[in-house]
Amino acid sequence: MMDKAYNPAQHEDEISGLWEASGFYTPENLPGDRTEPFSIVLPPPNATGTLHLGHAMYVLQDVMIRHARMQGKKTLWLPGTDHAAIATQSKVESMMYAAEGKTRHDVGREELLRRIDAFVEESKSTINNQLRKMGFSLDWTRERFTLDPGLVHAVQTMFIQMANDGLVYRGDRVVNWDPKLHTTVADDEMEYKEEKAPFYYFQYGPFVIGTVRPETKFGDKYVVMHPDDERYAAYRHGDTLEVEWINGPITATIIKDEAVDPAFGSGVMTITPWHTPTDFEIAQRHGLDKEQIIDLDGNLLPVAGEFAGTHIEEARPKIVEKLKAKGLLVKIDEEYLHSIAVSYRGGGKIEPQIMKQWFVAVDKPVVAWKGKTQTLKEVALDVVREGDIQIVPDRFNKTYEHWMENLHDWCISRQLWYGHRIPAWYHSGDAAREKPVVQIDSPGADYTQDEDVLDTWFSSGMWTFSTLGWPQKSKDLNTFHPTDVLETGYDILFFWVARMILMTTYGMGEIPFRKVYLHGLVRDKFGQKMSKSKGNGIDPLEMTAKYGTDAVRMSLVTGTTPGNDVRLYEEKIANFRNFVNKLWNVSRFVVMNEASAGEPSRADRWILSRLHALIRDVDRAYADDQYGQACDRLYGFVWHEFADWYIEMSKLKTVPSIKQREVLGTVLKLLHPVIPFVTEVVAKEAGMVMPHGMLMVDEWPHADESMIDPALDKRFDAIQQIVTDVRNLRREYRIAPGRKLEVLAVDMPEEDTALIAHLARVHFVPEKSYTTAAHLVSGEQKFIIPLDGVIDVEKEKQRLATQMVEVEKHIASIADKLNNEKFMQNARADIVDQTRDLHAQRETELQQLKKSLEALS
RNA sequence: GGGCACUUAGCUCAGUUGGUUAGAGCGCCUCGUUUACACCGAGGAGGUCGUAGGUUCGAAUCCUACAGUGCCCACCA
C-alpha cells in the first residue's frame, strides 16, 4: 500500500539495485533489437576526493541517456575518472605534508606514487558511490581510468605517432614555470591577480626605461623602440652604444620593433628574453642572444654578480639601492597597478623560463582531413565552422574560434611524478638530451627515460576513443564513436573540449562528438562558483538524503538553459520534493480508484488533448536541448491540469473519467528521465505493464497530434475561467456554499454546463448571450479581437448595441434571482458603468483597426 | 584594450521564430481541514520587462545608443 507521503529513502536503494541487476546499463543487454547507437562519455571527474554539486549537473547526461534508451536506442554512457596529474599529486603532497611534515623528496618517487595510487583508489570508490546514488545509468562494466594499462598504451601510442609525424617535438621555449610546485603550468592554468607595485624608472644610457622587475635586468643589452617613434629617429637599428649599468658598463644594441608601445612610459624598453614571453618573441625575430638570469628556485644566477644566489624578492630592493647609489634611478611610481600571473593550483608566482619541453605543433600541416593536408588548428576550426560539431548554445562558437585561432604550440610536458611518463629515452652519451628516442620500451641499458609526465589534458583529450579500445579497431569504437553528445561546463571548453577536438580529428580521423552541450556553473547560495580547488562544494548526498534524489535532480534540470549559470539552494530543492510528493499522491488517488469503463467523457477527451500537446511540447523541447522547458511543462501539466482539474473533475460521479491510468502512465514515462526513482516506484505500485517490469526500458510516448483539439482546450479554459469567476462571485457576495446560484448558460453544450454546475455548484438558466453572465458579474468581460483580420465593423457595433440591452436584462435577471441586497445596490451600477466603458473602448479600438485595415488595403 | 552574456514580481529565475490579459517557485496577505496530497486547496497583493530612441497594425522579444552587473580572452616593459 502506498503511504500518504513519498519517502525517497525507503525506495531509492531498492530501485537502484533493480536497475543495476537488470544489466540494462550495458547496451548489449538491452531488450529488443536495437541498432541505433547513442553514446556519451562521462567527463571524468578528477580522482581527488569527492564530487560536489557541480558534478551533479551530470544529471543532464542521464536525462539524455534515459530518454534515448526509452526511444529504443542502443545507449552507452561510459563512466571513468581522470588521474588529474597536477591536482592529485599536489593534493596528496599537501596532505602528506600536513600529516607528517614530509615532502615528496623525503619519500621518493616510488613511495609517493604508491600513496597517490592508494588515495586515488579510495577517491574512485567514493565518487562511484556518489554517482550510483544519483541514479546515473552508467555502464560500469566499461569503467575506465586515465591511467588504466589500456589507456596508458593508447596515450603512448598517440605520443609516438605524433612524434613520428613531427607534431610532437622537443624545443626551447618560454614556459610558465611555477617555482613553488617546480613544474611548468599551462597558459590556462594560470590566473592573473591585480597588484600594486613600485614602478621604477632607470637611466639606461641616453634612455629612460621603466620596470617593475629590476632583478631581471642584469643582462639587458638590447634596447628596443618602435621604428616609427620620431623621438628616437636618430638611433638606427643595430647601432651600439656603451651604457653604465648595474654591475658596470655594458654594450647595448638598438633594436627597432613594432611590439613596443610608443605611448607607454618613455617608449623605450630593454628586454629579458629568457623570462618574458613578449621579449622572447622579439629576440626570436631579430636573432638576439638569450640569457638566463633566474634559476628554477627563483634565485639569481652568476650573471647577477654580487647578487648571485640571492632570491629575487630579497635582491630587488638591494638592486634598486645600488642603482640609486650610482645615480641611475630616475623616479619611482608607487601607485602602479599591474597584474601578476599565479598558478591556479598552488598559488605560486609564475616565473617564465626558457626550458626544453615537449610541444604539440598546432600549425604544422600533417593532418589528413577531407582530402586535404591541414594543421591541427585548421581542422579543429573547420569541424565547428562546417557544423560537423554543433556547439550548444551557439554563441560559444565565436569564443571557441577566437581561442583556437590564437592557439600557440601546446606545451605538454610536466615536471611531476604522477601521470603518463613520456616515452622518450636519452642515451647516456647525450648529456644535453637533444636526441631523444621516442618509443615505448627502453632502447637499451645505456638509456634513461625522460623524467617528465604528460599534461593531464593530453590523455583526457583522447577520452572518447581511448576508452573505447583505441588503438585496437574495436567493436565499441565502430559502434559508439563518434559519440553523440559531450555535455560539460563551459568553463572547460578550452581546457578540454578544444583539445579533444584536436586530438581526435588527428588520431581517429573523425570528430569526437556530434554535439557539445555546455551547461553553466552551479553556484551556491551567494552566487559563488563551486570549484574543485576552492573546496566550497556542497555535498550532493546531504541534499539527496534530505529531499530525495529526484528532487535534487529536478531542481538542477528545471529552469536551466544551456550555457547559463544555475543557482542551487535548499528552498528550490524543497519545492521539487513537494512536486515529487504531488505526483506520488496523484498516483495514489488513481491507484485507489477502480478503473471505470465506458465511453470517454468530454473531460477525458480534454485531458487526452492536453496530454498529447504535452508530449509534442516535451519532444520539441528535447530536440531543442531545452531540458528546463520540458520540465517546466511537465510540472505544470501534472499539477495544474492533471491534478487540479482532471482529477478534481473525476471526483464528480456524474463526470466519468476513464483515462486516469492511461494519462498517469504516459506522464510517468515522460518524467522518468528526470525523476527516475519515484516514477519507477509508482509505475510498479500502479501495476503498469512494462517490458521486463521496468519503466526504465519502457517505450517513450508518441504524440498523436490528431488527439489535440484546440477548440476543446479553449472551451475548457473558458469553463475553468467561469468556475473561478463563479467561485469568486460566491465569496464576494457571501453566498453560502449550500445555496444554489443561478446563472445564465451561454451557447454552451449541455455537457459543459453540467460540468460547471458541478464544479461551481450553480444552476444554469439557458439564455442567449455573447458571453457568460458569470463573466459579466465578476467584471471579467473582455472583448476579443479576432486575429484573422476579417471584421465587419458595422455588424460588430450592432452586436454591441444589442449586447448592452441584454446586459441590462441579464443583470436585472441575475439580481432578481440572487435576491441579494448588496448586489442590487452596488454591483448593478458598477457593472453597467464598466460595460459602458468597455463599450466605448471597443469603439475606439474598432475605429483604429478600421483605419489600419484601410491603410493596409 | 577586445569579446560574450545578463538586467522581467520582495527573492531565485522562465518567457526559442514579435501576437489575446507578461509566467513559475519561494516569501507575504485572506479564506479553507470536502478521505490523493498541509510536502495541500481556493483566492489576493505585488511588474513603467535597466534607460532613451527607432522599426511595426502590434515589442519583454528585432535594431541603435547609454547605464549597471558578471564572465572570458589579451596584457605594456
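Just so it is clear: chains get the letters A, B, ... in the order the sequence lines come, proteins before strands, and each one is counted from 1. Only a predicted model underlies this, so the values are computations on that prediction, with no experimental measurement involved.
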Please write out the pairs of protein N or O atoms and N or O atoms of nucleotides 45-47 of chain B separated by less than 3.5 Å, giving the distance to one decimal.
none

So which protein N/O to nucleotides 75-77 of chain B N/O distances come out below 3.5 Å?
from, atom 1, to, atom 2, distance (Å)
B/C76, OP1, A/Thr278, OG1, 3.3
B/C76, O2, A/Asp261, OD2, 3.4
B/A77, OP2, A/Tyr336, OH, 2.4
B/A77, O3', A/Thr211, OG1, 2.9
B/A77, N6, A/Asp261, O, 3.0
B/A77, N6, A/Phe264, O, 2.7
B/A77, N1, A/Asp261, N, 3.4

*How many Å lie between CH2 on A/Trp584 and P on B/C40, as a whole number?*
16 Å
*asked:* Strictly distance-based, threshold 3.5 Å: is any side-chain N or O of A/Lys290 a donor or acceptor partner for the main-chain N or O of A/Gln284?
replied: no
*Looking only at atom types and distance, does a side-chain atom of A/Arg553 sit under 3.5 Å from a main-chain N or O of A/Val674, one as donor and one as acceptor?*
yes
*asked:* Need to verify one output field. Residue with the more 5' nearest nucleotide on RNA chain B, A/Asp632 or A/Asp644?
replied: A/Asp632
*When the ring planes of A/Tyr635 and A/Phe579 are compared, do they come out parallel, tilted or perpendicular, using 30° and 60° as the limits?*
parallel
*For A/Ser650 and A/Phe589, work out which heavy atoms get closest and say how close.*
OG-CE2, 3.6 Å
Could you list, one pair per line, each protein nitrogen or oxygen that sits under 3.5 Å from a nitrogen or oxygen of nucleotides 69-71 of chain B, together with the distance?
none

*With distance as the sole test, does A/Lys659 use its side chain to make a donor-acceptor pair with the main-chain N or O of A/Ile607 at under 3.5 Å?*
no
*Quick one: label A/Thr561 by what it contacts on the DNA or RNA (base, sugar-phosphate, nothing), any heavy atom closer than 4.0 Å.*
sugar-phosphate
_Any donor-acceptor pair under 3.5 Å from A/Asp550 side chain to A/Val678 backbone_ = yes
*Only one of A/Phe494, A/Tyr490, A/Phe396 passes ring pair (Phe, Tyr, Trp, His ring centres under 6.0 Å) with A/Trp403; say which it is.*
A/Phe494
*Donor-acceptor pair (no angle test) under 3.5 Å: A/Lys4 side chain, B/C37 base*: no
*Aromatic rings A/Phe199 and A/Tyr201: how do their planes relate, parallel, tilted or perpendicular, breaks at 30° and 60°?*
perpendicular
*Compare side-chain N and O positions of A/Trp403 against OP1 and OP2 of B/A74 and report whether any pair is under 4.0 Å apart.*
no
*Using a 4.0 Å heavy-atom cut-off across all strands, classify A/Tyr635 as base, sugar-phosphate, or nothing.*
sugar-phosphate
*Is there side-chain contact between A/Val174 and A/Thr276, with heavy atoms separated by less than 4.5 Å?*
no
Could you list the protein-to-nucleotides 1-8 of chain B atom pairs, N/O on both sides, closer than 3.5 Å?
from, atom 1, to, atom 2, distance (Å)
B/C4, OP1, A/Lys398, NZ, 3.2

_Phosphate-side-chain proximity, A/Asn578 and B/C40, N/O vs OP1/OP2 below 4.0 Å_ = yes
_With a 4.0 Å cut-off on N to O distance, would you call A/Lys221 and A/Glu291 a salt bridge?_
no
*asked:* Can you classify the ring geometry of A/Trp584 versus A/His11 as parallel (below 30°), tilted (30 to 60°) or perpendicular (above 60°)?
replied: tilted
_Work out how far the C1' atom of B/G23 is from that of B/G46, and round it to whole angstrom._
14 Å
*Side-chain donor/acceptor of A/Asn564 to backbone N/O of A/Thr560, under 3.5 Å*: no
*Touch class at under 4.0 angstrom, heavy-atom based, for A/Ala643 against every strand present*: base
_Under 3.5 Å, is there any donor-acceptor pair linking the side chain of A/Glu648 to the base of B/A36?_
yes
*Should we count NE2 of A/His402 as having more than 12 external heavy atoms under 6.0 Å?*
no
*Can you tell me which stems RNA chain B forms when a stem means 3 or more consecutive Watson-Crick or G-U pairs under 3.5 Å?*
B:1-7 with B:67-73, B:10-13 with B:23-26, B:28-32 with B:40-44, B:50-54 with B:62-66
*For A/His275, answer base if it contacts any base atom (sugar-phosphate contacts may also be present), sugar-phosphate if it contacts only those atoms, and nothing otherwise; contact means non-hydrogen atoms under 4.0 Å.*
nothing
Pairs under 3.5 Å (N/O, protein and nucleotides 61-64 of chain B):
none

_Using a heavy-atom cut-off of 4.0 Å across all strands, would you classify A/Ile647 as base, sugar-phosphate, or nothing?_
base
_Side chains of A/Asn575 and A/Tyr547, donor plus acceptor under 3.5 Å_ = no
_Quick check against the 3.5 Å criterion: does A/Asp565 have a side-chain atom that pairs as donor or acceptor with the backbone of A/Leu521?_
yes
*A/Asn575 near the nucleic acid: base, sugar-phosphate alone, or nothing, with a heavy-atom cut-off under 4.0 Å?*
sugar-phosphate
_Between A/His408 and B/A74, is there a contact of a side-chain N or O with OP1 or OP2 at under 4.0 Å?_
no
*Short question: side chain of A/His286, backbone of A/Ile255 - any donor-acceptor pair under 3.5 Å?*
no
*Salt-bridge contact A/Arg213-A/Glu351 (side-chain N to carboxylate O under 4.0 Å)*: yes
*Between A/Ser587 and A/Glu685, do the side chains contain an N or O donor and an N or O acceptor separated by less than 3.5 Å?*
no
*Okay, side chain of A/His275, backbone of A/Pro352: is any donor-acceptor separation there less than 3.5 Å?*
yes
